[in-house]
Amino acid sequence: MRTIRATFLALVLIILAISLVPSCSKAEFSASNLQAQPYVRLDGKMGLSLYAILSSGSKKKTDLTVQMVVTSPDGNLSWSFEAAKVTYDKLTYYGSSDISMPDGMPLPKGKWSVDVINSDGSTVTLAFDVSYTDASMALENYSILGLDGPWFDEKSNLTVIP
């Protein structure tokens with residue numbers, strides 16, 4: 001009688017455990033189409049604009065709440081922020097254009113990283129390269145052209161922002 005009761009109890013526990021497994025799994029979280037663009041402001045301050053397309057794999061059509069931590073190539077500088085949602089060309093991106101360097105410091109070149117942290121705790125880490133040439137030449141070209149809005153300088157790979 002005890003073995004039947006113990007077997008029955010074990011069977012009930014196994015069925016309960018199996019039924020809980022699907023409800024405990026997290027939806028797949030991913031990031032793709034990372035867009036990183038270095039910029040220089042007219043006052044010479046440099047920064048980075050960084051956006052990615054995120055997917056939670058959830059069937060819900062709600063906005064994601066994500067935190068991003070961007071780290072410079074040497075690991076000495078990092079920025080942590082809640083990612084802003086923007087729509088461009090019917091695609092939804094998350095990120096920031098406010099990753100700016102301390103006054104007087106150039107934007108480090110090389111391999112950067114970003115941790116994208118979903119509200120459920122799942123994290124995706126992505127690496128990206130930042131490269132550009134002469135910021136002062138980009139500013140000079142902007143001035144020569146007499147522009148008054150943002151402008152991308154193909155020669156330097158920098159966006160000049162008034």
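Side-chain contact check for D115 versus M68: every heavy-atom pair is 4.5 Å or farther apart. Considering only heavy atoms from C-beta on, Y39 comes within 4.5 Å of S100 through its side chain. Taking 4.5 Å as the limit, some side-chain heavy atom of S131 sits within range of a side-chain heavy atom of N157. Taking the side chain as every heavy atom from C-beta outward, L107 and V130 approach each other to under 4.5 Å. Within the 4.5 Å cutoff, side-chain heavy atoms of Y142 are placed close to those of L42. In this structure, the side chains of L77 and M105 come closer than 4.5 Å at one or more pairs of heavy atoms. With a 4.5 Å cut-off on side-chain heavy atoms, L139 and V160 count as touching. In this structure, the side chains of L34 and L50 come closer than 4.5 Å at one or more pairs of heavy atoms.
From S119, atom OG reaches atom CD of E82 across 9.5 Å, with rounding to the nearest 0.5 Å. Atoms OG1 and CD, from T159 and E154 in turn, are 10.5 Å apart once rounded to the nearest 0.5 Å. Between the OG atom in S49 and the CD1 atom in I99 there is a gap of 7.0 Å [rounded to 0.5 Å]. Taken to the nearest 0.5 Å, the CG atom of L64 stands 6.0 Å off from the CG atom of L54. For the atom pair T133 OG1 and D153 CG, the distance stands at 7.0 Å (nearest 0.5 Å). Note that the CG atom of L48 and the OG atom of S97 stand 9.0 Å from one another [nearest 0.5 Å].
Each of K109, Q37, K155 was checked for a side chain to side chain contact (heavy atoms under 4.5 Å, CB included) with Y132, and the lone residue meeting it is K109.
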CA sep, side-chain torsions, deciding dist, call: Y94, I53, side-chain contact (heavy atoms from CB on, under 4.5 Å): CA-CA 6 Å; Y94 290 83; I53 294 176; over 6 Å; no
Chi angles and distances behind the side-chain contact (heavy atoms from CB on, under 4.5 Å) call for F29, T123: CA-CA 8 Å; F29 178 64; T123 303; over 6 Å; no
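In the hydrophobic clustering of ILVMFWY residues, with side-chain heavy atoms under 4.5 Å counting as a link, M101 and L158 come out together. Residues F128 and V69 fall into different hydrophobic clusters, defined by Ile, Leu, Val, Met, Phe, Trp and Tyr side chains chained together at heavy-atom separations under 4.5 Å. Two different hydrophobic clusters hold Y51 and M46 under the rule that ILVMFWY side chains link at heavy-atom gaps under 4.5 Å. Hydrophobic clustering, with ILVMFWY side chains joined whenever heavy atoms are under 4.5 angstrom apart, keeps M137 apart from I144.
The side-chain hydrogen bond (donor to acceptor under 3.5 Å, both in side chains) analysis of residues 66-75, with sequence neighbours excluded, yields the pairs Q67-S80, S72-D74, D74-N76. The ring pair (Phe, Tyr, Trp, His ring centres under 6.0 Å) analysis of residues 64-93, with sequence neighbours excluded, yields the pairs W79-W112.
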